[in-house]
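Reviewing the structure listed below.
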Amino acid sequence: MIAEVIVDISTSEVDKVFDYSLDGSPDIRAGFRVLVPFGRMTVEGYVVGIKEKSEYPGLKPITKKLDDYPVISEEMLALMNYMTARYHLRKVDVLRLFIPAQMRGGRVKELVVKYARIADEYVGRDEAQFIRSSATAQHDLFAYLSECGRANVTELNKDFSAAALRNLVARGIVILEEEESLRTPYSGLDGERNKEVVLTPAQSAVAEKINHGEKGVYLLHGVTGSGKTEVYMRAISDALKAGKTAIMLVPEISLTPQVLRSFRARFGDEVALLHSGLSVGERFDEWRRLIGGRAKVAVGARSAVFAPLKNVGLIIIDEEHDSSYVSESNPRYVTHEVAAFRAKYNYCSLVLGSATPSIESYYKATTGEYKLLELPERVNKRQLPEMEIVNMCKEVYDGNNGMFSRLLLSELKECMDRNEQAIIFINRRGYSSYMMCRSCGYVAKCEQCDVSLVYHKDENVLKCHYCGNRYAVLTECPVCHSPHIRRGFVGTQAIVEQLSELFPDKKILRMDNDTTQNKDSHARILGEFAAKKASILVGTQMIAKGHDFPDVTLVGIVDADMSLHFSDFRASERTYQLITQVAGRAGRDLKPGKVVLQTYTPNHYVYKFAVKNDYRGFYEKESNLREVTKYPPFSKIVRVLVSGENEELCTITLKGIFDEISVLTKENPNCFAYFAAMKSPVKRIQNKYRVQILMRITDRFDNLIEKVYNIVDAHTVPKVSVFVEINPNNLS
């Protein structure tokens, strides 16, 4: 028999199937990881198929298998073929998504713990018969083990003499035993098992359709606080009762501790967690619990869509509109499409949930491609928060040049006086967004990236948010030597500093990328706020989604315009989503909520729909604009991005690709709404220049994108990176 193997080397030249003999390894089948001879090396590889004959003579045999079981299922091998064709990826890059990264090269192992216990024949005997009276350390150790029965060897060696333990083991008085121990993430989140709650009639109707309706893709549009999570848990519970498994995806790592706590309370040890914030050992053990069938529900961020579950009965993508579900680094993929493939393969339903669905998803629901489910009211008829818009131009005109309007300050003071909690949202971390010379206009920029540097006051440095480089703070302009340096727009640090001055007796927490670097940072910050150890939470968009704090009665949106004026066709949509999501954190319990939204453009249509919580009205307005301009969902945007350290070589490569695609556009004039080449808006990142081609394809997409892929492949040159993105989230 012959094994078809993909070797674990990520280059296009060897990303193909190689045949190896199975002589001496008859038990190997598709899905196994193996060691194979490859040229002068021995490398790891993945068996993707078994066949009887090969057209190549003199095949080398497989050196050995690396695991006792296949680590990649038939379903995932089918998914590999789908993703390589759909996203033009290398097979090995897709296969690597299916296993914990540190399994490759044997960088992670099962955790084995040694325990010591007294040998059966010595239990209950007088130790004076076999331990000298002068060996007090041995007596102490024997007495301790007699009392506790069994103890961890590592802990014993801390409290007792290691030499005494070795002596007793050597004489057979104490026996050492090894036992596998699973590393459990967020073990402190475990609580008592909760019973299923009684759903409202609206929730019951939605759950009934998901569980017993026609299989397919459902879009669950439920306002914030409408009880979507409870619907998810009921649907998963029914899947488990039917002997199936389930996958639950959330967009942010910050949401996983809260979701995990709820799911563990309902499903106990049947829940496993998968996301990039886990330690190497935790991720490996959770993955093993899933592939071994010990856990039946996978909860996590984007990568959990590849959970090694069999017999999947339900897949849920919560906050489906979130941009983090699109992978923007190699391997590039769209989580919704991967989930849809797995749902179809397992003949189960995929549920996309959101209070603010993406325009593309809602369009599919209105055209019948998705089935629409709605929860238009909060649980128990609780009111949505009242939203009030503040015109910051009028504030400035009236002499208020601060970052907080008079209304927001007044509401904050009343909220603090009532001993309630508030959330202040500003989607910019750091202290200020740039440093500029007021004399000549110089702006401090990163030497390796074409972006301005952000001032971080607590470290007193300027940081590049693209490459992470750090620079000394400007005391004078390096161009004209003027000492008059101005700071730009404020960030989370500046907000916290000013709030601390206004409310010195209140604890204020900050949640952004800078304060959540450590593994448990998200859980710690959210746990403190949930326990009312702080009165105000200041944060970026990671605080906008999903969190449920009963005592939050006020939300302040400091600069609602921040995401509105990007040169991106999704700017209005993202602004509406952010406002609605962060506003939904207020008034989720019995106390009514209030939202103060500060803007310099109060008449923009986004705010008018947001105040009324009118998603349908916003969707109709936005989709009409996109239909006229031929933006998604009425087209697909394709970006060909070329980058490299040699700007001239990048430009030459781009021109070659552009010329060939130009021929394609002339042959298919009715399929292209737009086609142009240009410099990328961010012209350089990490010392690599960036140029791009943008096109909007309205018809025959699958056929044309295949031709675009072929043209790009034909122009691949050393020292230049070229890749194709479909509907990228970030066009900068």
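These values consider heavy atoms only, across backbone and side chains, with no hydrogens, waters or symmetry-generated copies.
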Verify side-chain contact (heavy atoms from CB on, under 4.5 Å) between I72 and L77, making sure each step is shown before the conclusion.
CA-CA 7 Å; I72 297 170; L77 290 173; 3.8 Å; yes
Kindly indicate, with the supporting measurements, whether the criterion side-chain contact (heavy atoms from CB on, under 4.5 Å) is fulfilled by V174 and L165.
CA-CA 8 Å; V174 170; L165 178 61; 4.1 Å; yes
Before giving the answer on side-chain contact (heavy atoms from CB on, under 4.5 Å), spell out for D93 and D15 the whole-Å C-alpha distance, their side-chain angles and the decisive distance to 0.1 Å.
CA-CA 9 Å; D93 290 336; D15 190 56; over 6 Å; no
Please report the C-alpha distance between Y115 and N152 in whole Å, then the side-chain angles of each, then the deciding distance to 0.1 Å, and finally whether the side-chain contact (heavy atoms from CB on, under 4.5 Å) criterion is met.
CA-CA 5 Å; Y115 292 94; N152 185 308; 4.2 Å; yes
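Residues passing the side-chain hydrogen bond (donor to acceptor under 3.5 Å, both in side chains) test with D120 are R117, sequence neighbours excluded. Residues satisfying the salt bridge (charged side-chain N to carboxylate O under 4.0 Å, His left out) criterion with D285, sequence neighbours excluded, are R183, R288. Partners of V197 under the side chain to side chain contact (heavy atoms under 4.5 Å, CB included) rule, at least two apart in sequence or in another chain, are L199, E230, R266. Residues passing the side chain to side chain contact (heavy atoms under 4.5 Å, CB included) test with Y347, sequence neighbours excluded: K215. By the side-chain hydrogen bond (donor to acceptor under 3.5 Å, both in side chains) test, D19 is found to be paired with K51, S54, residues two or more places apart in sequence or in another chain being considered. In terms of the ring pair (Phe, Tyr, Trp, His ring centres under 6.0 Å) criterion, H522 has no residue partners (sequence neighbours excluded). Considering only residues two or more places apart in sequence or on other chains, F130 meets the ring pair (Phe, Tyr, Trp, His ring centres under 6.0 Å) condition with Y122, F142. Applying the ring pair (Phe, Tyr, Trp, His ring centres under 6.0 Å) criterion to F306, with sequence neighbours excluded, gives F98, Y333. Under the salt bridge (charged side-chain N to carboxylate O under 4.0 Å, His left out) criterion, K91 pairs with no residue at all, not counting sequence neighbours. Applying the side-chain hydrogen bond (donor to acceptor under 3.5 Å, both in side chains) criterion to Y46, with sequence neighbours excluded, gives D8.
Annotation: K209, atom NZ; neighbour count of heavy atoms from other residues, nucleotides and ligands within 6.0 Å does not exceed 12. Atom CD of E121 has more than 12 heavy atoms from other residues, nucleotides or ligands within 6.0 Å. Other residues, nucleotides and ligands place no more than 12 heavy atoms under 6.0 Å from the NZ atom of K64. Summarising the local packing, CD of E74 is surrounded by 12 or fewer heavy atoms from other residues, nucleotides or ligands at distances under 6.0 Å.
Checking side-chain atoms of T84 against main-chain N and O of N81 turns up a donor-acceptor pair under 3.5 Å. Side chain of S323 to backbone of N729: no donor-acceptor contact under 3.5 angstrom is found. The closest donor-acceptor contact from the side chain of D67 to the backbone of P70 lies at 3.5 Å or more, if one exists at all. For R90 (side chain) and P331 (main-chain N/O), no donor-acceptor pair under 3.5 Å exists by modelled atom type. Looking only at distances, no side-chain donor or acceptor of R588 sits under 3.5 Å from a matching main-chain atom of F549. Listed for the S521 side chain is no donor-acceptor partner under 3.5 Å among the backbone atoms of I525. Although no hydrogens or angles enter the test, the distance criterion places a donor-acceptor pair under 3.5 Å between the side chain of E44 and the main chain of G105. Proximity of a side-chain donor or acceptor of R342 to a complementary backbone N or O of V305 within less than 3.5 Å is detected. No side-chain donor-acceptor contact under 3.5 Å links H275 to the backbone of R302. Counting only distance, with no hydrogens or angles, the side chain of R234 and the backbone of Q203 share no donor-acceptor pair below 3.5 Å.
The CG atom of L526 lies 9.0 Å from the CG atom of L509; values are rounded to the nearest 0.5 Å. Once rounded to the nearest 0.5 Å, the distance linking CD1 of I315 with CD1 of I247 reads 4.5 Å. Distance OG1/T63 to CZ/F38: 13.0 Å, rounded to 0.5 Å. To the nearest 0.5 Å, atom NZ of residue K310 and atom NZ of residue K296 are 11.0 Å apart.
Applying the salt bridge (Lys or Arg N to Asp or Glu O under 4.0 Å) rule to pairs touching residues 323-340 yields R86-E337, R332-E725, sequence neighbours excluded. The list of side-chain hydrogen bond (donor to acceptor under 3.5 Å, both in side chains) pairs with a residue in residues 240-249, not counting sequence neighbours, reads K244-N311.
A salt bridge is defined here as a Lys NZ or Arg NE, NH1 or NH2 lying under 4.0 Å from an Asp or Glu carboxylate O, and E286 with R289 meets this definition.
Taking the six-membered ring for Trp and thresholds of 30 and 60 degrees, Y325 and H336 have ring planes more than 60 degrees apart, a perpendicular arrangement.
Within the 4.5 Å cutoff, no side-chain heavy atoms of E127 are placed close to those of I173. In this structure, the side chains of L290 and L274 come closer than 4.5 Å at one or more pairs of heavy atoms. Contact annotation: the side chain of Q138 never approaches that of S161 to less than 4.5 Å [non-hydrogen atoms, C-beta and beyond].
For the pairing with S354, the side-chain hydrogen bond (donor to acceptor under 3.5 Å, both in side chains) check across H321, E320, K228 returns one residue only, H321.
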